[in-house]
Amino acid sequence: MQTLAEYEVLAEAAHGHLCAGQILGLRMALYGVELLGIEDPTGADRKRLVTYVEIDRCATDAIPIVTGCRLGKRALKFRDFGKVAATFWDLARDRGVRVVARESAKQRAAELYPEISNRNRQQMRAYREMADEELFAHAWVRVAIGPEDLPGYKAPRVVCARCGEGVSFKREVVVGSETLCRSCAGESYYTVVG
Ligand SMILES: [Zn+2]
Ligand SMILES: [Zn+2]
C-alpha cells in the first residue's frame with residue numbers, strides 16, 4: 001500500500017482535479033481494503049477484489065486508484081443508489097464489507113476547521129485527518145455475484161437474430177425462439193435518429 005499523499009497524486013491525475021470527494025473515495029477504499037485484510041490490492045492480491053460503487057460522482061473515481069478494480073476488468077460494478085458508499089468483496093475469502101460516508105462528516109469538517117471558508121478545502125483537510133470511524137460506517141455484507149459477473153467469466157459469443165451485432169459473455173436474451181441482444185429485446189437506452 002502507498003500513503004494517502006501518494007494516492008492523492010494518482011487520483012488527481014486520473015480525475016482531473018483533487019477535491020474532497022477524491023480524498024473521501026481514497027479513504028473509503030483504504031478502509032474497505034484494510035477491513036478485509038487485503039495487503040496488496042493492485043499487486044499480489046489484484047484478482048481478489050470486486051468493488052460495487054453506489055454513486056457516479058468524484059469519490060467513485062478515486063476508489064479504483066486504491067483497489068485496482070476497473071470496469072474493463074469486470075471488477076467494478078455501478079449500482080446507482082445515489083449514496084457515497086461502496087462494497088468491497090473479497091473473492092478469496094467470500095466475504096464483503098460495505099462502507100458508507102457518514103452524513104455527519106461534512107458538519108464535522110466545518111466544526112474542525114471553521115477558519116477555512118472554502119468548503120472544498122475545509123473538507124479536504126478534515127477528510128485527510130478524521131478517524132475512519134468518524135468518516136464512515138461499515139457493515140459486513142453478503143453479495144450474490146453470478147458467475148457471469150465474475151472477472152474471468154467466459155461464454156460463447158452469439159450474434160443477435162435481429163440487429164446482427166455480436167454479444168459476449170452471455171448477455172443475450174432468448175425471446176421465444178429468437179436469441180436477441182438486450183437492446184433488441186427491449187432494454188435499449190437509445191433510439192436511432194439518423
Ligand atoms: Zn472531484
Ligand atoms: Zn440486437
Side-chain angles (χ1 to χ4, degrees), residues 2-33 51-71 76-86 88 99-110 112-113 116-130 132 135-136 148 153-194:
Q2 301 177 55
T3 64
L4 181 62
E6 288 168 332
Y7 284 122
E8 283 183 20
V9 173
L10 299 172
E12 181 174 11
H15 182 62
H17 64 249
L18 194 61
C19 58
Q22 295 293 291
I23 313 284
L24 201 60
L26 292 172
R27 291 285 311 268
M28 179 179 284
L30 286 164
Y31 191 38
V33 164
T51 307
Y52 290 77
V53 294
E54 298 185 19
I55 198 163
D56 49 358
R57 292 287 293 144
C58 296
T60 288
D61 267 357
I63 289 172
I65 302 292
V66 173
T67 64
C69 294
R70 300 191 185 281
L71 192 62
L76 182 67
K77 318 286 188 187
F78 177 43
R79 298 291 181 266
D80 195 358
F81 291 180
K83 295 182 179 181
V84 184
F88 304 91
V99 180
V100 57
R102 291 190 188 275
E103 277 300 300
S104 56
K106 275 185 188 164
Q107 180 59 35
R108 186 72 189 125
L112 283 171
Y113 294 106
I116 305 177
S117 58
N118 179 292
R119 276 295 168 87
N120 186 51
R121 285 191 12 232
Q122 180 186 66
Q123 288 162 13
M124 283 172 68
R125 174 93 186 258
Y127 293 170
R128 283 188 184 106
E129 297 169 2
M130 285 165 66
D132 289 325
L135 274 177
F136 306 113
E148 70 282 3
Y153 181 79
K154 292 201 171 55
R157 186 173 169 83
V158 304
V159 170
C160 173
R162 220 166 274 177
C163 69
E165 293 179 0
V167 179
S168 297
F169 305 116
K170 222 162 174 58
R171 267 52 176 176
E172 70 271 19
V173 184
V174 178
V175 181
S177 60
E178 280 186 314
T179 300
L180 304 177
C181 71
R182 291 176 68 171
S183 182
C184 291
E187 292 181 45
S188 194
Y189 64 91
Y190 58 86
T191 51
V192 177
V193 294

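One-based numbering, in listed order, for ligands and for the atoms of each.
In this structure, Thr179 contributes its side chain and Val174 its backbone to no donor-acceptor pair below 3.5 Å. Within the 3.5 Å criterion, the main-chain N or O of Tyr127 finds a donor-acceptor partner in the side chain of Arg27. Judged by distance alone, with hydrogens and angles left aside, the side-chain atoms of Gln107 form no donor-acceptor pair with the main-chain N or O of Ser104 at under 3.5 Å.
Here 4 is the count of protein N, O or S atoms positioned under 2.8 Å from the Zn ion (ligand 1), waters not counted.
Expressed to the nearest 0.5 Å, how far CD of Glu172 lies from CD of Glu165 amounts to 14.0 Å.
The side chain to side chain donor-acceptor pair (under 3.5 Å) check on Arg157 picks up Ser168, with sequence neighbours excluded. Considering only residues two or more places apart in sequence or on other chains, Tyr189 meets the side chain to side chain donor-acceptor pair (under 3.5 Å) condition with none of them.
Under the side chain to side chain donor-acceptor pair (under 3.5 Å) test applied with Glu8, the options Arg128, Gln22, Gln2 reduce to a single match, Arg128.
Under the 4.0 Å criterion applied to side-chain N and carboxylate O atoms, Arg171 and Glu148 are not assigned as salt-bridge partners.
Sorted by chain and number, the protein atoms of type N, O or S within less than 2.8 Å of the Zn ion (ligand 2) are Cys160 SG, Cys163 SG, Cys181 SG, Cys184 SG.
Atom NZ of Lys170 sits in a sparse spot, with 12 or fewer heavy atoms from other residues, nucleotides or ligands closer than 6.0 Å.
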